[in-house]
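Worksheet: the structure to be examined is printed underneath.
Chain letters run A, B, ... following the sequence lines, proteins first, then strands; residues in each count from 1. Computed from a predicted model, the values in this text were never measured in an experiment.
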Amino acid sequence: MRTLAPGRRLGLLLIVSLLGFGLLGPWLAGTDPAHQILAHSLAPPGADYWLGADHLGRSMLARLAHATRLSLMLAAVTVASAAIPGTLLGILAAWRGGWVEGGLVLVADAVLALPGLLLVLLLAAFAPGEFLPLYLGLALAGWVEYFRVARAMASGLLARPHVEAARLLGFGPGYVLWRLLLPGLLPTLGVLAAFGLGSAVLAISTLSFIGLGIHPPTAELGSMTTELLPYAYEAPLTVLMPAALVFMAVLGCHLLAGRGRA
Amino acid sequence: MFRRSLGILGTAALLARPALGHAPTAARRPGERVLRVVAPFEFAGPDPARSGHVFARMGVGEMLLGADPEGRPVPMLAECWSTSPDGLLHRFVLRPGVRFHDGSPLTAEAAAASLRHAHAAASPLSRVPVAAIEATSDAVLIRLSRPFAPLPAVLANYASMILAPAAYDEAGRVRAVIGTGPFRVERFSPPLQLDVERFEGWWGPRPAIGRASYLVVSQGEARATMAESGHADLTMALQPVTVARLRRSPRLEVLTVPVPRTRILKLNAASLYFADQRVRHALSLAVDRQGIATALLRNPAMAADQLFPPTLQGWHLPAPPPRRDLGMARTLLAEAGWRPGPDGILVDAERRRFACRCTTYINWPELPPIATALQAQFREIGIDMSVVIGNSSDIPRGHRDGTLEMALMARNYALVPDPLVTLLQDFRPGGGDWGAMGWSDAALDAALHALSAPEGDPAAARQRAAGILREALPVIPIAWSELGVAISRDLAGVTVDPYETSYRLHDIAWAR
Amino acid sequence: MGRRFLDRFLRPVLMRLVQPLLVALIVGALGFALMAVLPGDQAFRLAAARYGPDMGDAAAAALVRQELGLDRPWAVQFLDWVGRLVRLDLGHSLVTGEPVLQELTMQLGYTLALAGVALPLSALLGLPLGLLAGLQPGGPVDRIMLGLSVLLRAVPAYALGLCLVTVFSIHFGWLPPAGFEGWREFVLPALTLALGLAALSARVARDSVAVVAASPFMAFARWKGLPERAVVLRHGLRNAAIPVIALLGLQLVGLVEGLVIVESLFSWPGIGHALVHAIFARDVPVVQGTALALGLIFVLVNALVDLACALIDPRRARAET
């Protein structure tokens, strides 16, 4: 295991602690995130509610933990479904060249010319309040980046003497892919994915903030901010906490990606 | 270094200026203070059926009649009116000497033409059994095919607005808003802004306010902040949670006025779940109205034990405060054949789960949290209700194709100042898009038709109708509404119309 | 000269001109296809958007359906749309009844005005900082700038906007949280957009300046005895400008997405606000029009950025002479 730069170590620590919070929080809170006691609306943090209660008298701790877990998991799935096909298509384009490459580049360019948000908005209108359009839209808009990077790097690698030699010697595509191409691509793609994870967390919370979120009573960091915004004066902490968790998650991802991105 | 960065700032400002030029800005007249109204209601196009609410509220357009605080018709463009003994011919005598904003006189023919347009559009007038709309030298005649007593109230609705003949194109579409009100349109930029200026030729006393603007700000917090920071003079539809805060501001006076809008749960009585009246009663008993009204609406008096709030005199029934009774609810459900299953959710004899879908929408920001509260409250008696937050149109569409199970909605019973007109729509046999579903009651139908004929004692018929609705619960009332208004202390003479037909700008003056 | 000019400048520009046509067709068709298969009934949604929830019922929907011919087959409506697009007719908004082109012009004006303030503002905030940081990589300015930009980029745009509103509208009462009339209304939305963009541009400016500052020809210029200021201005800035300008193009993507958020947050009547509304109301012509406009702006700015890079690059300029 390579030693990590201090910044990346901090990023990893942030993500791991958020994951820990997401997994252990529900157990710590001890209640269902949907369980409400209207009489305890906006209760301040205390023995009953460690992080206070929201406007419907639900435990903020339980809700924040569920929301964090949801955000991280949805973001991870989104990134994986953008990165894996994007990388494979990029390698395919570099490998085959010709009309395959031309066609894929054309599709990628067309997707790039379409603001990603438009795609998500259209899909979210298709099934409001569902995870699927959110995930599908982000993945459909996100694969292009991996495609472009993988294609550029793979064409460089394919032109290297040892790769060319391996292909001439008759090593199968599997060998070339696994042994020669992917090891060269992975560090860069890893940075891209870490960064993409942050962007996905940000995008998911932002979209649910503008009302394309997920059905109640599901807790989501962006929609929690929207829900609690009217109570910002009476219970500023309740609005601050979900936004702070988004901030920490994104910061963690960006730090983990390190400076290689710029 | 500092000086240079100032220089850069100047350059940026110069660069920005041509871009700013793209945004249309009103021609400013120095010295004339603009009264700024901020409200959440967007508007679309110049057609009164679509945007008439804004034109009427801002004093641009007027109708033949208005409504007093009790909802009774009062003269506006019509000075007096009469009905033939058989109830089929209504005659509205016009106020003399009225001019439109383009200088043309208000004639009976112009008024009749406007009403004919309204009758062809999606408006309350289009649901009135009109046979003909005619003009005499000084009056508009409306001939009905059968008696319809609340016709004057329909004419007080904004969609029945009277516009000048020049407002319509050859195809009969509204191209410009040329009304008769105390203010004329200075700039019309849907969906967010309308600027008006005083119309010197108005028939009433000259308004003290010279210019006013209507700005749509959909977010409640932003509206409250605008009121608080002095960026709005008249702020409408304050959210309950901001009312207490704004009351502490020395710059504002805050009024809350009860409005006849009720948050109700629409039930599909033709469905497996809600056909049984006992189930509907159980649901109603499971609702913690006090809790919802206190926590979410910040006023326990908004807890609605019946459809009609106390302000709708005649329709409101004297009643004890609503109470929650989960034991009774469970008993009723058991009687109706629903018993707890292994996971706590009710199942019927055929092992079908009581899992239903409630549709609501975001036009009224309190609806999603109320739906979420109901979800938890129904869960306590073993009902698994999922909440879908969609577009308001999902409700009439789901009503029509029969897929709707439950809907949480806010229904205004005084869009036409006589609630009867809305009730005739919502509770006709089989139900209405924004009322009952799959439900009919002959006695209710008879009571409503007696009122519209009119025959018999209207007071008794109203109480009878309200009683049937409370007993049979085709829709479950959850909470009533109030309108919160923040008024700048710079203004004098502001009054709030509970029917929200007008902001009464012509009565307002600058206090300082 | 003519041939080379064609190769260097015209060809990329022509390529960029073919791209928008492609984009127009894809965006329009995609919008149409998605709208056609979306659940729900267009007539009902339009009725709700036009007449409000209370009046938006089945009778209103029937009137809308009849007026707009929504019961025609989708294929017929699509062909109709393509035919009108060829004549540059974007149709009428199904909600307001106004020509889409007219509404688009107004909304675009507001959006461009906002972007036109936000972009220079972000350059003003980000570039000098990046420049200072890049001249001394690893120095205190560099470290502070780096920390700031990482922190700023992790803040969701909506949270940033809410923070600014809290400070400037609520706490100090200086600036309105909504509205779009005068310069005061511009400040908060523009600042929200600009801060996010500045964090990125400062980073890129810093890195490119650092690379150029370490390059031999800067050392040569210093050795020639040029004063430090002249070295930075004449050689450093020019070389460092290329990636920064390229970045401006990239920022546009962020800008477009940021606009939707910021316009929703501040009730700004621009194209992003219109797009979100049109999608909820299922106003197909407006969705197509706004998507088209966004795609075209995107392509246009990319072309301009390419052109600017080609013009500013000293190496290419030398090769030309």
Original post:
What residue, out of Gln239(B), Arg245(B), Gln377(B), has the most heavy-atom pairs lying under 4.5 Å from chain A?
Top reply: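 Of the candidates given, the most pairs with chain A belong to Arg245(B).
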
**OP:** Over all heavy atoms of both residues, which pair between Leu296(B) and His55(A) is shortest? Give the atoms and the distance, please.
**Re:**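 Of all heavy-atom pairs spanning Leu296(B) and His55(A), the closest is CD2-CD2, 3.9 Å.
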
**OP:** State, to 0.1 Å, how close Ala376(B) and Ala34(A) come at their nearest heavy-atom pair, and which atoms those are.
**Re:**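 Nearest heavy atoms, Ala376(B) then Ala34(A): CB-O, 4.4 Å.
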
Original post:
Would one find more than 12 heavy atoms of other residues, nucleotides or ligands at under 6.0 Å from atom CZ of Arg324(B)?
Top reply: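 Yes, enclosed.
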
Original post:
Could you state the interatomic distance from CD (Glu228(B)) to OH (Tyr233(A)), rounded to the nearest 0.5 Å?
Top reply: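 Answer rounded to 0.5 Å: 4.5 Å.
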
Original post:
How long is the span from the OG atom in Ser223(A) to the CD1 atom in Ile389(B), to the nearest 0.5 Å?
Top reply: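 Spacing of OG (Ser223(A)) from CD1 (Ile389(B)) equals 9.0 Å.
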
Subject >> Max heavy-atom pair count under 4.5 Å with chain B, selected residue of Ala232(A), Pro230(A), Gly57(A), Ala39(A) >> reply: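 Of the options given, most contacts go to Pro230(A).
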
Original post:
Can you say whether Leu56(A) sits under 4.5 Å from chain B via the side chain, the backbone, both, or neither, judging by heavy atoms?
Top reply: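 Side chain only.
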
Subject >> Under 4.5 Å from any heavy atom of chain B - which part of Ile37(A) >> reply: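 For Ile37(A), neither part sits under 4.5 Å from chain B.
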
Subject >> Contact origin within Glu380(B) toward chain A - heavy atom pairs under 4.5 Å >> reply: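 Neither part; nothing is under 4.5 Å.
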
Original post:
Within a strict 4.5 Å, meaning less than it, do heavy atoms of the Leu38(A) and Thr294(B) side chains meet?
Top reply: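 The answer is no; the side chains never approach within 4.5 Å.
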
Original post:
Taking C-beta and beyond as the side chain, do Pro217(A) and Gln375(B) meet within less than 4.5 Å on heavy atoms?
Top reply: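 The answer is yes; the side chains approach within 4.5 Å.
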
Original post:
Would you say Gln36(A)'s side chain and Thr372(B)'s backbone share a donor-acceptor pair under 3.5 angstrom?
Top reply: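 Looks like yes, one N/O pair under 3.5 Å.
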
